[in-house]
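See below for the structure under consideration.
Proteins get letters first, then strands, A, B, ... in listed order; numbering begins at 1 in each.
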Amino acid sequence: MRIDFDIMNSAMNDISDRLITEAAPGSGELKNSIIRRITTAAASFVIICLGAIFAIFAAGRTTPPITPAATASAQDGLEVKSVRTDFEVDGNRFTLEYTERAEAGNEIGSVKIISAAPGCEAEFVDTAGVYADVMMVEMKIDGVEFAILCNIKTGEVNDFMREALKTNESDFDISEIGTVTWRIDGSGIVFAALATKTNGSTRVYSDLLQLWAFETSKGKLYDSMASAFSNYSGSNLTVFPLDKGTAGDPGRSAAVIWREATSNNDEPTNYLAYAEEASYAFSTLVFETKLFAAPPRGEGKYATVIAEFPGGTAEYMAMLATGEIMVLNEDYEDTEPLMPQSGESEFKLGAVTVTVSWEYDETKDAGECVTVTEAHARGEDGAEHEVRIPYKTLGARNIMLAVDDESYVVCDLLANEVTRFDDFDTEKLVPDEIRQKIDGKYTPKLTFISWSGVMYIGLEAEIGTFDGAQHGILCGEWTFNSRTGELDGGTLTNSIESAEFMLTTPDGVHLIWENKKDGIGVLQTPEIRALQAAGESYVTEDEHDINYNLFDKTITLDDVTYDLSHVALWDLGEFEKDTARFRLNGYDATLTMYSQNGMALSCDSDNDDVHVFGELGGKNVLTYVNGEYFICDVGSGYSVAGLRRVFDELDLSPSSCTLALPDKWYSAKTTAPLVICAGNPTGNLTDDLNMPLMYVVMLRHEDAAAPGKEPVPGEEIEEYVPLHTYIIEEIHADPRYSEYNGISYTAEFRDNYSGTTYVGSDIVITVSLAEHSADILSDNNVTTVKYIYTSAGLEELDPPA
Amino acid sequence: MTDGQIIELFRQRSENAVDETEKKYGRLFYSVAYNIVRSHEDAEECVNDTLMRLWQSIPPADPTDLGAYGCRIARNAALNRVKAAGAEKRAHAAEITDELLDSIPSNDSDLGDVAALSASITRFLSSERPERRIMFVRRYFYMDKTREIAKLLHVPEATVRMSLHRMKKRFAAFLKKEGYII
């Protein structure tokens, strides 16, 4: 009997309640998992540093411990430990309860204040991790706020930070500590980072990063570092030590990672700062994913900053305490020694011996860091053989080569090992959908996108020769471990929605571009990049003039244009080209917009003085002309003027806003509703510290000479002025999900009444604009949308029951 | 309202039970169904089916976790719906299930009953780290796309794919150990 679709799904259906519930959206376990993932790594440091922490408690001004009361119980199969500890600060006693649950090797800690003396307010701020015995508690005694470190096991208190921070009291508000982590080593150096946030009636958060280093034994605050770091704004701030330190050689360095706050449409930049006592250095990291701390390895030898490499592989980067770079695998184990700057490798391919000389430049990106300087192949009889090296690196240490007419093999330059793909049944890996469309005209062969160790392999199918160039499609993707020779399972499921096309020109230049659909089916502008020419030096995009015209389905490489209509294997949707002439602030301009499925792809102006600032919904674009902003509907020729006044009144930068108008806003005649999403600084849907604001601004045509005058296409309207502005709070609208016409936002926001956080498609906030009104709608009445704006005006919603 | 209170309403045959269930779990059931049927209308139908089944089954059923119980019903309703529909509708669920089945090198087995297999899966998942366990359940129970799981867990999609791949290997080894794979 075979386990088939029905059996497997029936079996999955009957897994335990707990497994289903813990993975349900909004479940505490799910959140804990995320938090645990971030904090577990940092926590490991605390274990190591605990001894040192105790040393510091001894060195600092400590309060004698009060015996804690510990209890342990079993609940739902979980071991639960609860510790209540009395502390005393300035004669004020308070009690903290620390609860730790052990589950499948993971401990989950939480702290709450049980009691405090009258006039003494205490609020838990942070621990150094779930394993920590030491936590930071924010205190307020007689109205004076300060932070102390408490040892939950011993009842010891160290309030050195209170003294240190007093010297810098005017620079920050201790009540606004966003992220705090610290490390106390033998020398008594503490690194503390505080993200203060601009507060006020609105909920715009602008994080300000500050970093302090304290030398606890001397009570010295290195505030020069604070001033240096305060120039950088960001979020997701983490500070952690880079070196363990010993009594004789104390660690004195820390790393700080954070993300820069950005405008809506930009990927946030990750920063890495290296701090050593009062000195510091910055790096800008281009990694696409967030950075996080990893457990220390090798007795503190390895650093703790890790980040996913570009390309989506499961390898991570570590920065050593020495500042060097190391590659870690998914389990944060170091995989390879660092590459030498040059080397010579020898490979046996049957009776032929291939010798490759290469150079390694660690400053270059993966895929570019190895340069093959020389390659020879000789048979046992001494005869020369032809060596073909189409790609000189497959990451940091592997190259691909072929001898004579044989198939390509992957060569590990460090291990001198060769991996063949002979056993690969590439034929089986071609999806039927592609197989049918390309009419059997393909020759499967291997190509690659890789990083050291684990490699991504793509399957390339040639699908014919057109215009003297070969067209191909990368239609498969799987991973391969070049060290073990183990081939991991392939992923073909994304091949249709996110495939890469390849074109090989008659000159041998490979171009790869990508057509991908995002989650809501919007085809994005293709990303084009050039790969290297066969047997020649690496070709970068900078060396070629590459233009891709999605509308015409052509690609132009330097001066040669190739027709790509043959390789459109799936329906790219409806393409439209609209042109309209505008007179804006005294300047005439013709705007040309290419759109696809109603989504603007690009918009060009024939007048350099009329700048296309950004695309809005539908065929609307924001333009900037001589100090003023306009919205132009290229589909109809209507325009809205006077937006600078709107931005000024709202104190918004247009570059950090996403604007939307109803599709046929001009039918509103004298008024038009404009939705402004004021931006999520990090672009991160799930960061509730970065809630954007949404405004609905009713614009009114203020033409005193002709009240009620209808706009005329192409004719400049004197001015629209903001008539009413409504601030919609607490909507996590992500403009990346804004859709044409519907202007609907798939959002995350918190239901303050139930404490539930709805994510993604759970809740859809629809801002539908029609005629004179803008309605904020929700398909769920349990929302935090505070206002609903209808043609009758703005109404505040009743809190849900 | 707690699960217990809602179930008590079911026992009293109060139609408020359905309203309260929908209020508390309607979105969850919808997301479970939508992930499989990939159609708003069908997902809404599945939610309605689920509420009806809950009304019919409680009592005598007395679920300890109403959300999980309802999720199962919603999932079954959605799977039945896509099975009855064409291949295109079935593609997503089939693709994800096949992905799991493909990890099992040879699954000719002395299967026993489905309940035993389910218990084995629960045991396997209980031995996994929570975040990986959640990935697995999100993928093969809730049938999320890997991109959605990555977004949910704040990890790169490649990490999800890699973790799932490795889990499937361990899963296959576990099934072999438990006698499901010869």
Inter- and intrachain pairs under side chain to side chain donor-acceptor pair (under 3.5 Å), touching residues 50-59 of chain B, at least two apart: B:Ser57-B:Tyr69
Contacts of type ring-ring contact (aromatic ring centres under 6.0 Å, His included), residue B:Phe141, not counting sequence neighbours: none
Partners passing side-chain contact (heavy atoms from CB on, under 4.5 Å) against B:Asp49 (at least two apart in sequence or in another chain): B:Ala77, B:Arg81
Check against side-chain contact (heavy atoms from CB on, under 4.5 Å), B:Arg72 and A:Ile15: CA-CA 9 Å; B:Arg72 289 194 186 93; A:Ile15 60 175; 5.6 Å; no
From CG (A:Leu19) to CD1 (B:Ile134), nearest 0.5 Å: 9.5 Å
Note, A:Met12 side chain near B:Phe136 side chain (heavy atom, < 4.5 Å): yes
Portion of B:Ser118 that has a non-hydrogen atom of chain A nearer than 4.5 angstrom: both
Interface residues of residues 5-15 of chain B facing chain A - heavy atom cut-off under 4.5 Å: none
Options B:Leu125, B:Ile73, B:Leu79, ranked by heavy-atom pairs under 4.5 Å with chain A, top entry: B:Leu79
From CG (B:Asn76) to OG (A:Ser10), nearest 0.5 Å: 6.5 Å
Short side-chain to backbone donor-acceptor contact, B:Tyr140 and A:Met8, under 3.5 Å: no
Any donor-acceptor N/O pair, A:Ser16 side chain to B:Thr122 backbone, under 3.5 Å: no
Candidate pair A:Asn9 and B:Arg75, rule side-chain contact (heavy atoms from CB on, under 4.5 Å), full reasoning: CA-CA 9 Å; A:Asn9 274 309; B:Arg75 189 171 180 273; 2.8 Å; yes
Nearest atoms (heavy-atom pairs only) where B:Asp65 meets A:Asp17: CB-OD2, 3.4 Å
Option that, when pairs with chain A are counted at under 4.5 Å, heavy atom only, ranks first among B:Asp144, B:Thr97, B:Val137: B:Thr97
